[in-house]
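Notes for the one structure printed next.
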Number of protein chains: 2
Amino acid sequence: MFGHIDYRNPPELCPVRDVMSVASDQWSILILLWLGYFSVLRFNKLKKYVYGISNKVLSQRLKVLEADGYIERKAYPEVPIRVEYNLTEFGRLYVDKLLDLAEWMHDNSPKVMANRKRYGLE
Amino acid sequence: MFGHIDYRNPPELCPVRDVMSVASDQWSILILLWLGYFSVLRFNKLKKYVYGISNKVLSQRLKVLEADGYIERKAYPEVPIRVEYNLTEFGRLYVDKLLDLAEWMHDNSPKVMANRKRYGLE
DNA sequence: CCGCATCCCTTGGGATACTG
DNA sequence: CAGTATCCCAAGGGATGCGG
């Protein structure tokens with residue numbers, strides 16, 4: 001344990017592992033970052049920005065992120081229907097952390113790449 | 001793009017996505033956190049703490065983390081062989097960020113869980 | 001003890017077509 | 001337009017046994 005967190009448990013018994021598995025999922029991170037950048041995005045815009053994501057995965061991730069309280073979904077009953085996604089206040093807090101992390105990775109990716117090369121992988 | 005990072009690219013063209021895919025992998029995170037906590041760990045200890053990980057995945061993640069420069073592997077040619085893993089200086093920097101994130105998730109997991117319940121999932 | 005090699009299996013996820 | 005439903009595939013990952 002680190003202070004009070006015990007990762008030495010399966011996800012069912014460790015909320016942190018559980019929460020983390022959603023929040024640090026690759027696709028979810030990208031979704032959150034783009035929502036942070038644009039504030040509001042519709043399904044197909046999101047799909048365009050989160051390059052390579054499929055319909056299925058996008059809608060699945062959006063549902064989970066909504067359930068966990070990171071994002072908000074608003075549907076306007078027009079024809080054709082219009083749906084908008086945006087961060088909640090909670091989600092915004094998390095995105096700030098993600099941005100910090102992303103910035104760090106950007107700054108250090110050259111180092112990582114150099115390491116890989118030297119190591120012989122890739 | 002956020003400043004200068006363009007996530008709107010496949011991982012091959014976006015180093016950040018690439019680096020992130022290693023660094024924010026679920027198993028890798030747990031490995032790094034435990035190494036941060038104990039400073040030095042041997043293979044089987046690691047396997048014990050990173051609950052649920054298999055031989056195969058553990059050794060694969062260790063190799064990648066080493067290649068990317070987060071950890072260091074030292075093999076002592078005894079019989080039977082002894083191998084120790086520890087963070088590099090670079091890895092330590094990253095773990096500090098992870099710890100911050102983990103702390104945040106710990107603090108907020110009740111909120112997330114409550115959200116989920118209210119949402120009806122799970 | 002470390003960790004590779006094997007085998008097998010599950011399941012995440014891609015592509016596409018379709019509907020409210 | 002926003003998603004669901006379907007089908008299908010590749011690959012990640014678990015368990016185990018062996019070898020250095």
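In what follows, chains carry the letters A, B, and so on, assigned in the order in which the sequence lines appear, proteins first and then strands, with residues in each chain numbered from 1. Just so it is clear, the structure is predicted and the values come from calculations on it, not from any experiment.
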**Asked** Can you say whether the rings of B:W34 and B:F38 are parallel (under 30°), tilted (30 to 60°) or perpendicular (over 60°)?
**Response** parallel
**Asked** Rounded to whole angstrom units, what separation is found between the CD1 atom of B:I81 and the P atom of D:dG20?
**Response** 13 Å
**Aromatic ring pairing A:F90/A:Y70, orientation class (parallel under 30°, perpendicular over 60°, tilted between)** = parallel
**Request:** Using whole Å, report how far CH2 of A:W27 lies from C1' of C:dG13.
**Result:** 10 Å
**Item:** Atom-to-atom span, CG of A:D25 to P of C:dG13 - whole angstrom
**Value:** 7 Å
**Message:** In this structure, how many angstroms lie between the P atom of C:dC4 and the CZ atom of B:F43, rounded?
**Reply:** 8 Å
**Asked** Which comes earlier along DNA chain C counting from the 5' end, the contact point of A:G52 or that of B:K45, where each point is its nearest nucleotide?
**Response** B:K45
**Message:** Distance check needed: D:dA2 P versus A:I53 CD1, whole Å only.
**Reply:** 14 Å
**Prompt:** Is the shortest side-chain N to carboxylate O distance from B:R116 to A:D18 below 4.0 Å?
**Reply:** yes
**Nearest-nucleotide 5' precedence on DNA chain C, B:K56 against A:K56** = B:K56
**Request:** Keeping the roles fixed (side chain from A:S24, backbone from A:S21), state whether a donor-acceptor pair exists under 3.5 Å.
**Result:** no
**Asked** Can you tell if the side chain of B:I71 reaches within under 4.5 Å of the side chain of B:N86, non-hydrogen atoms only?
**Response** no
**Complete:** Taken to the nearest whole Å, CZ/A:R82 to C1'/D:dC1 is 11 Å
**N/O (side chain, B:K63) to phosphate O (OP1/OP2, C:dC4) under 4.0 Å** = yes
**A:N44 side-chain N/O to D:dA2 phosphate OP1/OP2 under 4.0 Å** = yes
**Prompt:** For C:dC4, does either OP1 or OP2 sit under 4.0 Å from a side-chain N or O belonging to B:S59?
**Reply:** yes
**Request:** Figure out the CD1/C1' separation between B:I31 and C:dC2, and round it to whole Å.
**Result:** 15 Å
**Message:** Among C:dC1, D:dG17, C:dG13, which nucleotide has an atom closest to any side-chain atom of B:N55?
**Reply:** D:dG17
**Asked** Does C:dC1 have OP1 or OP2 sitting under 4.0 Å from an N or O in the side chain of B:R42?
**Response** no
**Request:** Quick one: label B:Y76 by what it contacts on the DNA or RNA (base, sugar-phosphate, nothing), any heavy atom closer than 4.0 Å.
**Result:** nothing
**Prompt:** What integer distance in Å separates A:Q26:CD from C:dG13:P?
**Reply:** 10 Å
